[in-house]
Amino acid sequence: MSETLTTTPSETSLEDFRAEVKAFLAANCPESMRQPIAEESDTYFGGRNGTFKNADQEKWFNAMADRGWTTPEWPKKYGGGGLSKAEAKILKQEMRALSCRPPLLSFGIWMLGPALLQFGTEEQREQYLPDIIKGKIRWCQGYSEPGAGSDLASLQTLALSSGDEYIVNGQKVWTSYADKADMIFALVRTDGSGKKQIGITFLLIDMETEGVSTRPIKLISGKSPFCETFFDNVRVPKANVVGQENAGWTVAKYLLTHERSAISGAVDGDMMTPLSYYAKKSVGLTNGKLSDGLLRSEVAAWEIDGAGFKFTLDRINEEMKAGQAIGARSSFMKYYGSELNKRKYELRLDCQGRDALAWDGEAYQGGKIARQFCRTKGNSIEGGTSEIQLNIISKHILGLPS
Amino acid sequence: MSYVLTEEQQFLKDSAKDLFKKAPVAMIRDLRDGDDEQGYSTELWQQMVEMGYPGIVVSEASGGMDFGMRALGVLMEESGRSLSASPLMTVGVSAAIIEKHGTEGQKAQLSSICEQGTVVALALQEGSFYKPEQSDIVAKKDGDTYTISGVKDMVADGHAASSYIVTADTDEGVTAFLIGKDTDGLSIDKEFMMDSRYYSKLKLENVSVPTSSILGSAGKGKKVANDVTNIANALIANELVGVMSEAFDRTVDYLKERRQFDKEIGSFQALQHRAADLYGEIEIAKSLAVKALDAIDEQDFMAPAICSMAKAKCVKVSQLATNEGVQMFGGIGMTDDEEIGFFMKRARVASQQYGGYAYHVDRFASMNGY
Ligand SMILES: Cc1cc2nc3c(=O)[nH]c(=O)nc-3n(C[C@H](O)[C@H](O)[C@H](O)COP(=O)(O)OP(=O)(O)OC[C@H]3O[C@@H](n4cnc5c(N)ncnc54)[C@H](O)[C@@H]3O)c2cc1C
């Protein structure tokens with residue numbers, strides 16, 4: 001979109017900032033970090049045992065982390081970028097323009113950080129935020145249990161008080177990257193006497209503590225990114241409670257809105273290559289139109305929804321800047337974004353035929369499309385299922401009775 | 001430009017809300033039942049003229065308000081909510097087209113459009129479907145005059161117009177003409193459609209017009225048609241946003257009101273999930289519709305693609321919203337007494353005006369190289 005013609009002083013300084021960002025990215029984002037992400041090791045996750053795939057990845061990460069631009073809007077005093085919303089948007093736009101990879105992928109950034117900024121004590125912020133920003137500690141999320149999925153509040157992992165410590169016993173499941181994480185933010189039960197939402201506590205646990213163990217689970221994609229996590233008499237300092245004891249449900253829900261926005265945002269980031277590009281390449285054109293007419297209209301319908309979703313995220317962002325709270329709309333974003341991504345991969349199978357079905361082999365990048373297709377099915381399950389998001393929209397946006 | 005309304009636009013929206021309160025759905029029913037000749041309230045239109053609505057997108061120099069398409073879109077959305085019939089959209093499109101493509105002489109007509117609400121109707125469609133890139137009507141040149149014979153269809157507000165923008169084929173290619181209603185050989189046949197509004201057949205029998213009646217220049221008719229397609233569909237998309245939003249709000253209210261099995265029907269998850277899904281679709285449609293207006297105002301090179309995306313999506317979602325409305329109202333939804341059916345009917349006609357779903361999906365895909 002073209003910019004308006006009138007230039008106010010603040011717009012001038014934003015344009016200066018854009019120029020600065022452009023120069024910085026040109027100098028610090030190596031060519032190889034501007035290529036599409038082909039496999040998981042192409043992105044850096046940080047952590048105590050974090051390793052860089054190559055020198056370019058390390059250079060790019062360090063350049064961004066030094067400026068706090070791994071978390072552009074977080075306060076400077078913790079090492080964040082301290083950028084305004086407008087500046088952060090410019091950074092995002094310029095990174096997109098060069099197809100820069102994200103310098104760091106982190107549950108600390110998407111989920112825990114915002115919760116600490118909202119509910120953490122000053123000591124907790126000082127202790128954990130700088131390590132998230134600098135990628136020193138890798139976090140995982142311990143919410144779901146075998147008996148508590150959609151009905152998360154029925155969770156049973158017990159934390160018994162013992163002086164200034166808790167003793168934790170129980171099991172979490174579907175814990176993404178638990179085997180690679182240094183710390184877990186977990187929901188535990190500290191009181192089982194009342195309503196199930198009351199009596200839940202939000203607790204930070206070091207994965208190296210004695211009694212914590214993990215077991216990877218193989219997914220339909222053939223990969224094992226998530227685990228069962230076991231707690232066997234694990235001692236955790238009470239200082240690791242975020243918010244108040246028995247008031248963890250509020251923290252948990254706040255974090256979920258961030259997780260849901262992040263999931264929808266990630267889907268948006270994947271929209272860089274138009275679906276029609278793959279369709280054209282595989283199906284071909286006849287008289288300038290996709291040779292398969294039925295596929296053509298489905299691809300177009302998807303691209304229209306994809307653009308509409310992107311515009312809607314922009315709109316929600318703008319409305320938030322103008323003072324509206326995001327609230328339950330994060331459930332809409334999560335629902336629509338994940339369903340859109342699933343539809344996209346259904347269409348990629350339709351568009352790419354055999355090439356999308358191969359499970360192995362170098363010619364097919366190790367079965368990348370088929371495996372990603374399988375992975376997208378989790379989009380509408382992780383972070384709360386589509387059905388749960390629809391329940392939330394019905395109740396909290398439409399005000400329908402229960 | 002932005003999604004959030006400026007103060008000026010918000011003010012306009014509030015005043016439009018007040019105005020359209022005087023033209024509720026009951027008005028279109030009364031006009032229908034009273035076999036009104038016009039199909040819209042001339043009194044309401046006169047009020048809109050007094051408020052400056054016809055000139056809302058016309059430059060100040062030509063007597064308008066120069067508020068941009070975004071502002072007219074806001075009015076369209078409000079009129080969609082109340083299903084108020086009027087020549088507002090037709091006039092908005094033709095004024096913008098005359099200002100952009102017209103000769104100085106033709107632009108002189110803008111002041112009567114702005115001040116009196118004179119209607120210039122758009123006669124592009126031939127037959128059952130809108131395909132304005134071509135015309136089977138030939139305009140034969142002889143010296144300084146063109147002679148035109150043929151029939152145009154679905155001319156919105158054709159019966160109320162004092163002149164017409166008509167496309168026809170010439171040696172130079174498709175060409176647009178601006179022709180007065182009193183020209184010899186020109187006649188109007190109005191047809192009553194499902195949405196209780198009139199659309200006209202415009203008949204041209206050896207209509208002879210001077211070269212000075214060409215809008216812009218000979219052979220530029222495709223450009224004119226392309227602009228009509230963009231602007232009209234951006235506006236209809238916003239009207240449809242009003243139609244779907246109002247139908248949806250009424251449906252959600254009904255879900256909270258109607259009781260069966262000793263509880264509100266809105267407590268049934270089968271209905272809740274369909275309503276929640278529809279809520280999301282409406283959000284997407286809204287963003288596209290607003291984006292289309294902004295794209296025109298900003299002369300974005302993507303504007304044609306965005307206008308087609310917006311129309312296509314708004315067609316689909318307005319159909320879904322009105323269908324779900326009728327279904328969730330149950331038997332009452334099928335009655336003429338209940339107003340939800342009016343929304344369904346308007347949505348269907350608006351969907352086809354200036355190109356239906358298939359037309360716009362095809363246009364969008366072609367513009368994107370597939
Ligand atoms: C890829 C992936 C990564 C994940 N990562 C993590 C992680 O890092 N940490 C973590 O804690 N968890 C994680 N999860 C777990 C995820 O949050 C849960 O799987 C999810 O909340 C659903 O719970 P469940 O699997 O027990 O399914 P259930 O709750 O048993 O649901 C089964 C089906 O019933 C439906 N259903 C349930 N309740 C209702 C209702 N009230 N109304 C209508 N339908 C209903 C569901 O929508 C679903 O279709 C991950 C999941 C996936 C797939």
Side-chain angles (χ1 to χ4, degrees), chain A residues 1-4 274-277 279-280 283-285 288-291 293 295-301 303-319 321-324 328-329 331-333 335-336 339-340 386-387 389-395 397-402, chain B residues 1-5 248-249 251-253 255-256 263-269 271-281 283-292 294-295 298-302 305-306 308-314 316-317 357-358 360-366 368-370:
Chain A
M1 302 295 115
S2 61
E3 298 293 328
T4 42
L275 187 55
S276 54
Y277 165 85
K280 270 193 278 192
V283 180
L285 299 174
K289 297 185 178 188
L290 204 64
S291 302
L295 211 46
R296 177 173 184 255
S297 59
E298 289 191 24
V299 167
E303 289 195 335
I304 291 170
D305 286 346
F309 184 57
K310 193 195 156 295
F311 297 152
T312 305
L313 294 181
D314 291 345
R315 176 159 67 87
I316 291 176
N317 254 327
E318 257 187 49
E319 289 168 355
K321 262 192 256 172
Q324 278 187 31
R329 286 197 295 174
S331 287
F332 150 68
M333 288 156 64
Y335 168 68
Y336 205 90
E339 294 297 333
L340 202 56
S386 279
E387 290 75 20
Q389 306 314 316
L390 291 172
N391 284 349
I392 294 173
I393 294 168
S394 307
K395 209 164 143 189
I397 297 181
L398 306 181
L400 292 173
S402 31
Chain B
M1 286 299 140
S2 84
Y3 292 98
V4 178
L5 294 180
F248 181 61
D249 290 352
T251 306
V252 171
D253 284 346
L255 293 180
K256 294 176 187 171
K263 44 187 171 202
E264 299 95 332
I265 56 171
S267 65
F268 302 133
Q269 200 181 47
L271 300 188
Q272 287 183 342
H273 282 194
R274 276 156 60 184
D277 181 71
L278 182 51
Y279 160 83
E281 292 294 339
E283 288 295 299
I284 302 293
K286 241 187 238 176
S287 307
L288 281 162
V290 168
K291 191 77 183 177
D294 274 354
E298 290 170 16
Q299 298 173 6
D300 189 328
F301 77 102
M302 294 276 289
I306 297 174
S308 277
M309 287 199 276
K311 177 67 181 307
K313 186 68 187 171
C314 288
K316 277 285 161 193
V317 182
Y357 179 76
H360 286 286
V361 168
D362 175 65
R363 188 172 183 252
F364 165 75
S366 300
N368 279 280
Y370 69 98

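Below, chains carry the letters A, B, ... as their sequence lines are ordered, and counting in each starts from 1.
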Do [X] and [Y] make a side-chain contact, defined as non-hydrogen atoms from C-beta onward lying under 4.5 Å apart?
X: Tyr279(B); Y: Arg329(A); value: yes
X: Lys256(B); Y: Leu398(A); value: no
X: Gln272(B); Y: Ser402(A); value: no
X: Leu400(A); Y: Glu264(B); value: no
X: Arg315(A); Y: Val4(B); value: no

With Arg363(B) via salt bridge (charged side-chain N to carboxylate O under 4.0 Å, His left out) - residues at least two apart: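 Partners of Arg363(B) under the salt bridge (charged side-chain N to carboxylate O under 4.0 Å, His left out) test: none.
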
Taking every non-hydrogen pair under 4.5 Å, which of Asn391(A), Ile392(A), Leu290(A) racks up the most with chain B?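 The residue among Asn391(A), Ile392(A), Leu290(A) with the greatest pair count is Asn391(A).
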
For [X] and [Y], work out which heavy atoms get closest and say how close.
X: Ala312(B); Y: Ile304(A); value: CB-CD1, 4.0 Å
X: Ile284(B); Y: Phe309(A); value: CD1-CA, 3.7 Å
X: Gly280(B); Y: Phe332(A); value: CA-CE1, 3.4 Å

For chain A, find which of [options] contributes the most heavy-atom pairs closer than 4.5 angstrom.
options: Asp277(B), Val290(B), Asn368(B); answer: Asp277(B)
options: Ala285(B), Ser267(B), Ser366(B); answer: Ser267(B)
options: His273(B), Lys316(B), Lys313(B), Glu283(B); answer: His273(B)

How about [X]: does its [atom1] atom have over 12 heavy atoms from other parts shown lying under 6.0 Å from it?
X: Lys280(A); atom1: NZ; value: yes
X: Tyr357(B); atom1: OH; value: yes
X: Lys263(B); atom1: NZ; value: no

If we count only N and O atoms by modelled type, under 3.5 Å, do the side chains of Tyr3(B) and Asn317(A) hold a donor and an acceptor together? no

Which atoms of [X] come close to chain B, meaning under 4.5 Å heavy atom to heavy atom: side chain ones, backbone ones, both, or neither?
X: Glu387(A); answer: both
X: Val283(A); answer: neither
X: Lys289(A); answer: both
X: Ile316(A); answer: neither

With a 4.5 angstrom heavy-atom cut-off, which part of [X] approaches chain A: side chain, backbone, both or neither?
X: Phe268(B); value: neither
X: Asp249(B); value: neither
X: Phe301(B); value: neither

Can you list the residues that meet the side chain to side chain contact (heavy atoms under 4.5 Å, CB included) rule with Ala300(A), with sequence neighbours excluded? Val361(B), Phe364(B), Ala365(B), Tyr370(B)

